4 protein chains.
Amino acid sequence: MGLPKDSGLNVSFGFKKGERNLITDVPGVKVGHVTIKDEEKGIFTGVTAVLPHSGNLFRDKVMAGASVINGFGKSVGLVQVDELGTIETPIMMTNTFGVGSVLNGTVRYMLENNPDIGNTTGTVNSLVTECNDWLLNDIRGMHVTEDDAINAIKSASEEFEEGAVGSGTGMRCMGLKGGIGSASRILEIDGKEYTLGCIVMSNFGNPGELIVGGDKFETKLNENKEPERGSIIVVLGTDIPLNERQLRRIAKRAVVGLARIGSYLGNGSGDIAIAFSNSNLVPHYSDKKILETKMFFDDGIDMIFEAVSEVTEESVLSALYHGDTTKGFNGHLIYGLKEWL
Amino acid sequence: MGLPKDSGLNVSFGFKKGERNLITDVPGVKVGHVTIKDEEKGIFTGVTAVLPHSGNLFRDKVMAGASVINGFGKSVGLVQVDELGTIETPIMMTNTFGVGSVLNGTVRYMLENNPDIGNTTGTVNSLVTECNDWLLNDIRGMHVTEDDAINAIKSASEEFEEGAVGSGTGMRCMGLKGGIGSASRILEIDGKEYTLGCIVMSNFGNPGELIVGGDKFETKLNENKEPERGSIIVVLGTDIPLNERQLRRIAKRAVVGLARIGSYLGNGSGDIAIAFSNSNLVPHYSDKKILETKMFFDDGIDMIFEAVSEVTEESVLSALYHGDTTKGFNGHLIYGLKEWL
Amino acid sequence: MGLPKDSGLNVSFGFKKGERNLITDVPGVKVGHVTIKDEEKGIFTGVTAVLPHSGNLFRDKVMAGASVINGFGKSVGLVQVDELGTIETPIMMTNTFGVGSVLNGTVRYMLENNPDIGNTTGTVNSLVTECNDWLLNDIRGMHVTEDDAINAIKSASEEFEEGAVGSGTGMRCMGLKGGIGSASRILEIDGKEYTLGCIVMSNFGNPGELIVGGDKFETKLNENKEPERGSIIVVLGTDIPLNERQLRRIAKRAVVGLARIGSYLGNGSGDIAIAFSNSNLVPHYSDKKILETKMFFDDGIDMIFEAVSEVTEESVLSALYHGDTTKGFNGHLIYGLKEWL
Amino acid sequence: MGLPKDSGLNVSFGFKKGERNLITDVPGVKVGHVTIKDEEKGIFTGVTAVLPHSGNLFRDKVMAGASVINGFGKSVGLVQVDELGTIETPIMMTNTFGVGSVLNGTVRYMLENNPDIGNTTGTVNSLVTECNDWLLNDIRGMHVTEDDAINAIKSASEEFEEGAVGSGTGMRCMGLKGGIGSASRILEIDGKEYTLGCIVMSNFGNPGELIVGGDKFETKLNENKEPERGSIIVVLGTDIPLNERQLRRIAKRAVVGLARIGSYLGNGSGDIAIAFSNSNLVPHYSDKKILETKMFFDDGIDMIFEAVSEVTEESVLSALYHGDTTKGFNGHLIYGLKEWL
C-alpha cells in the first residue's frame, strides 16, 4: 500500500498520491511475486513480475525507454528496448544468478501464450532485471527456477506486498533491509487525470548513506563500509501518452530521486531505470504501415520530471519501510528501517 | 540534377528515382549555396544550406535523428537533436573553421525572423556541419562570413548545383574532386507515393579507395596515402512520417552506402548522418500538452533502409561526377572523376 | 581453416593472413563447439564458446568494446561491457531461446572455477549472444541445455570447425546455409607482428543479397523475400594493445565488412559486434589503485580499421563456404554456397 | 576562493578541501574571465576559459569524458571528445548566442599558437559550452566578440573570481543570482595526494528549488514559475590518472550533486558535465604507435564518485554565495543568496 501517511517519513512535495500509492494505480498494470525462502538453507530470494498492461503484451507492445544510470548490471533485453522503443513481455526482477532461469521461464510463458512466436513470426525479447542478494541469500546455490518466473507472472494482480517479498526477499539497501517498494502520483494534463507509478527492487548503497527529507538518517549501524555490490532497478509506468524518446527522458530522471535518498551511483551498483506508457501501444501485426501515435509536448514535461523524482524517492523509502529485520544466509543479520522509527 | 542516366556509373538496384533526382524532390525541401572562390588567394570554400520545409522552421520543427558514424568531427547542434528529436533551423554545411561564422549567421537569420527567440521564449539550436577543405582551400584564412551563411539560406530553392559549389567548393573525396552530391528515390507506402532524398558534402577517403558497382575504380593517381583528414556529412530528408527513433535508425543506415562506395570510416574522418521527416512536425507553441504524431510500422521499414543505402551511395557518386578538376590553394591539383570517364 | 585459397572467392586487399586464417591465430584464443542435431526431430542448433585468453578470465579480464549495429537482438552482458570496458567470461553464441540455459551454464562454469564469486567478491557478467535459427531448427523446443554450454567451453581449442557446427548448426544467411566463419590477418606495428582475428555467427539477410568481390552472387533461389528475422554476431579478437574506447571503435567498423558482403542492417536483424584485446588485461584484484595500461596511437589506427573490414567480410564468406546444404525442421531445405561453385 | 568556512552553508561530508578550494588547486589548471558589462545598455555577459594544463594543449591533449545529463544545450565539440577521449583546447564558457564568436576566437588562438594546424596536420576541436543569460542580459544583441574569447584565455591564472563574473555575469540559478562557482577536494591514493576540482557555470532551476544541507532554502521569492530556460555546465578536473571511460563515469556523477542542491534536470536546461585528467596526456605526434597510459582500478573508484558529488554541489552553492544582487536588462532584478544570510 505504499508508504503509509503515519510512517513519520515524507518525501512528498505536493503531488496527489494514487489510491493505493502503488504502481498498480496505473490502469492495467499488475504485479506478481514468488518468494523463495528456506531459513535453514539460507535461501532468501524470489521473482517479481510487472505486467505493463492486462492484455496480450506481445500483440500490443507498450512504448518504453530505459536509462543505464550505472552499467554494472546484468539485465537482459535492454538492447532491443533501445532500438525499437517497446516492451513486449512482463518486466521481470530476480537475483543476479536467477536471470537465466527467469529468462527461460518468461520465454516459455510467452511461447505458450503466443503460438506464432518462433513459428510464423520472429522471436520475443524478454526483459529480465537483477540485483545481487548475495549476503542474505545463498546466491551461488542458484535457487530460482523457470516455474518461479511463470508463477510470478500468473499471480500478478493489482494488490501486492512490498518489502522482503518476491525478488526483494534477500535485498539490502544502504545497510538496511531493502527489497520491493512502490508509489504513485496523479497528474492533471489537459483537464484529465493520469497516473505515474513506480516500483523498485532496491539493493544499493552503504550503511549510513540514507537521507530522509534531506537529513542523514542515523542508524548507528556498525557494519564496515565495503565496495558496493548492490544495484537498484527502477520501473516507471504511466498512462500518459509519452513516446519512446520521452520515456527515455523519464527513465533518466529516476537518478534525481536516487541521489536525494542517498545514492552516489556506486561503481558496483547496477542502476537501471525503465519507463513505459501503456496508452501508447504498438501492434505486432498491422496492415497499415503508418500508425497513429501520441507524444507529449516536451515544453510541458517538467511536471512529469518532478513527479518521477518524487515517486522514485518514495518507492525506495517504502521498500525500506516495509523491509523487516531478516536473519539470512550464514546468519547474516540485517535490520529493517522500522527498528529506528 | 543528380547523377545523369548516361554517366556510365550506376548504383541503382531498382528504386524509382525522383523527378530531379535531388533531395529537393521531397516536397518543401530547398537547398542554397554560397560559393567563395578567389583563385589567386587560394580561397575555395563556401556554405550550403538545406531547408527541411518551406515554412517557419522554428515554429514548426521537423522530427529528426542523427548518427555519429565516426565522431572525428566538429558539427554543432547534435546534442539537442538527440534529446528533443527535432531540427528547428536550416541544416548548414561549411568548412571546419567556418563553423563559428556560419553559426553566428544562422543565429542572426533566426533572430531576425523570430522576434520571440531569446525574448519571450528560449533560444534556438542551430545545426552546423563541417568538413576540412584544407588542401584546396586556405582554411587557416577563415574566409567564411556570417553573411555567407545568411545568403546561402536566402538563396535556397528547389533547383541547385552539385559538385564544387557551396560548401563543396574545396572538398576532396578518395583522391578525387569531391563536394556536393544529391539523389532521390520514390517509395510506395499504403498506396501512396513518398520521396526519400539525400544530399552529401563528400570529403572522405584516400586515393584508390573508390568502388563503383562493386569494382575498384582505377584512377592511376600517384598521390601518397596519408592519414585521412576528410569527413562526410550525409543529410537524408523525407516526407514519410517517421518518428525520432526511426529517423535515427534511418541515419544509421547511411553507413551501408558509404561502405559500398569505398569508405573505411577512417579515424580522421568526421562521418555524420542526419535524417529528418517534414511530414511529422512538432510545434514550438501548443495549447494542448498531448500531440498527435505518426510513426512507421518498423516491421516494414526494410524497404526504406535499402533506399537509404542506395541514395547515399549515389549521392557520393554524383558529387564525384559533378566535381570538376580544380587547381586550388598553393597550386594543389585535384582531378575530377570525369577525367576517367 | 578459414576460407581456402582455392575457393574461387576472394575479399582480400593485401593483408597477410594468419597461419590458420582463424581467430585462434591470436595467441591464447580458443574456440569450442557443441553441435545439437537430431534430424528426425528437426533439432539443428548448438553452442559455440570463444575464450579470449587461456588463463582465468575472471581474474584477468580482457579489455573490450561493443557496437550495437542494429539492436533487434537479445544478447546478454553488453551493458556491463560498455560501463567497465572488460569481458570476464567466455563469449558464448547460441540460438535466441537458448540464451537462458547458456547463461545458466556459463554462470555454473564460472562459479565452479572461481569460489570467490558471489561469496567474498561480487558476481560475474556472462556474455551470451544469439541468432534466431527458427527455420532449420525447432527453436520453440528449447533444446539447448546448461551442460551444452559448459561442454562448449571445456572443448575449446585452437583448431575448430566452421560452417554448420556449434551455434551455427541451424543458421541461414542471405538465403544460403550460414553458420560459423572465421578469418585472421597479421599486422606489423612498431616492428612487431600482431594478429587480428574474427569469428562470426552469420544468420542475416535475404536471398539474392550476397555480394562477392563487388558482384551480386547469382544463386537463382526461388525463396520469397520476407521480413528478415536473422542476425549476425561478430567477435573480433586481437593481441594489439587497444583500450576500451578503441575497441569500441574497432567493433563499430565491422559494419563496413557487413555492408560489402551484402547486408542492409535489416530491421529484424540483431547485428552486434564485440571486440577484445588480450594484451591489455585488467585484474580483478589489485593492491594498487593506479594500473599501467597501453593504448594505440589513434592517428595510426586506419590500418586496423581496414583489416577489420576485410576480416569481417571474409569471415561471413567463410561461414557460407563451409555451410553445407541442410534439410532441417519441417523439411526446410537450405542450400550451401558450394552448390554454385 | 570557493565557499568560505564562515558562510553558514555547508555540503561537505568529510573530504579535505584544496588550498584555494578552487579547480585551480589541480596542478596546472588555470581559469580566465572576460566580463562584458554595460548597465545602461543591459549587457551582462562574458566569457570564461578553463585551461586543463599549462603547456601546449594541442600537442599534449588531456584525456576526457563527458556526460550529457540533459541535452537541451548547444555546446560545441562534444562529439569528438566522445570519439577520441581527449580535449585539445581551453574549455570555453559563454552565453548561448556567444558560441559562434567564442568558437572563432578559440580557433584563432589555436591557429596562432600552432602553425601546423590546418596546414601540415589536421584541424582542431574547440570545446565551447553555453548557458542562456537572456533575462539579465540583452542576449539578442550578441555582444560577445572573438577577442573576448582570446582575452579570457590569455588572462587565465590560478586565482580567479566567482559569482557574477566572466560567462557567469548574467546567469541566474533557482531564482537567485547564479554564475561561476568552484571547489576542490584532496584525495589520498596509493599513499599520494591528488586533487579533484570543479568549476560550474550555474544557470538552472526555478525559484524555490534550492536545497541546502537537505533543507529547502526559503527565499520568499515571488517570481512565477515558468518553463525553465536555464542550463548548467560542470567542468571537473583532476590529476588522478583516470582514462577516457572512467572520466565519462566521473562526469556522469555530477548529477548527484545537482540533484542534491535542487535540480530536477528540467526539460529546457542543457545540463552537461565534462571531466578531464591532466596526468594522462595523449600526444598529438608520436613515433611509437603504442602508448603507455594509466587507468584507475575501478573497484576503488567510489571514493572519487563521492567527491564528485560533493565538489559539484559545493560549486553550485559557491556560485550562489558569490553572486551579488544584480539589476540587469530591462530592469530585471535578481537577488543574490547573501540577501538571506
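Order of the sequence lines sets the chain letters (A, B, ...), proteins ahead of strands, with each chain counted from 1. Since we're looking at a predicted model, the values are computed, not measured.
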Pick from D:Leu103, D:Val76, D:Leu111: which one has the most heavy-atom pairs with chain B under 4.5 Å? D:Leu111
Against chain B, label D:Leu84 side chain, backbone, both or neither, depending on which of its atoms sit under 4.5 Å from a heavy atom there. side chain
Closer than 3.5 angstrom, by distance alone: can the side chain of D:Asn114 be matched with the main-chain N or O of D:Asp116 as a donor-acceptor pair? no
Turns out that what part of D:Ser101 lies under 4.5 Å from chain B's heavy atoms comes down to both
Taking side chain as everything from C-beta outward and backbone as N, CA, C, O, which of these in B:Asn70 sits under 4.5 Å from a heavy atom of chain D? Side chain, backbone, both or neither. both
Below 4.5 Å from any heavy atom of chain B, which atoms of D:Asp138 appear? Answer side chain, backbone, both or neither. neither
For a 4.5 angstrom cut-off between non-hydrogen side-chain atoms, does B:Cys131 reach B:Ile233? yes
Using a 4.5 Å cut-off on heavy atoms from C-beta on, say whether the side chain of D:Trp134 contacts that of D:Arg172. yes
Highest number of heavy-atom pairs under 4.5 Å with chain B among D:Ile117, D:Thr106, D:Ile139 belongs to D:Ile117
B:Thr96, part contacting chain D, at a heavy-atom distance under 4.5 Å: side chain
Assess whether side-chain hydrogen bond (donor to acceptor under 3.5 Å, both in side chains) is satisfied between D:Asn203 and D:Ser231, documenting all intermediate values. CA-CA 5 Å; D:Asn203 192 46; D:Ser231 284; 5.5 Å; no
Is D:Thr120 in contact with chain B via its backbone, its side chain, both, or neither, using a 4.5 Å heavy-atom distance? backbone
Quick test of your reading of the model: are D:Arg229 and D:Asp133 salt-bridged, counting only N-O distances below 4.0 Å? no
Derivation and outcome, salt bridge (Lys or Arg N to Asp or Glu O under 4.0 Å), residues B:Asp147 and B:Arg108: CA-CA 9 Å; B:Asp147 281 345; B:Arg108 285 191 202 281; over 6 Å; no
For chain B, which candidate among D:Arg140, D:Glu83, D:Met142, D:Glu146 shows the most heavy-atom pairs at distances under 4.5 Å? D:Arg140
Pair count under 4.5 Å, heavy atoms only, with chain D: among B:Gly122, B:Ser75, B:Gly268, B:Gly105, highest is B:Gly122
Under 3.5 Å donor-acceptor, B:Gln80 side chain and B:Gly77 backbone: no
Verdict with supporting geometry, D:Lys74 and B:Thr123, side-chain hydrogen bond (donor to acceptor under 3.5 Å, both in side chains): CA-CA 10 Å; D:Lys74 288 87 179 166; B:Thr123 59; 3.2 Å; yes
Counting only heavy atoms closer than 4.5 Å, note whether D:Val124 contacts chain B via side chain, backbone, both or neither. both
Give the member of D:Val102, D:Thr121, D:Val68 that has the highest number of heavy-atom pairs under 4.5 Å with chain B. D:Thr121
When the 4.5 angstrom heavy-atom criterion is applied to D:Asp82 and chain B, the contacting part is neither
Tell me, for D:Val99 versus chain B, whether the close heavy atoms (under 4.5 Å) come from the side chain, the backbone, both or neither. both
Close side-chain approach of D:Ile274 to D:Ile87, heavy-atom, < 4.5 Å: yes
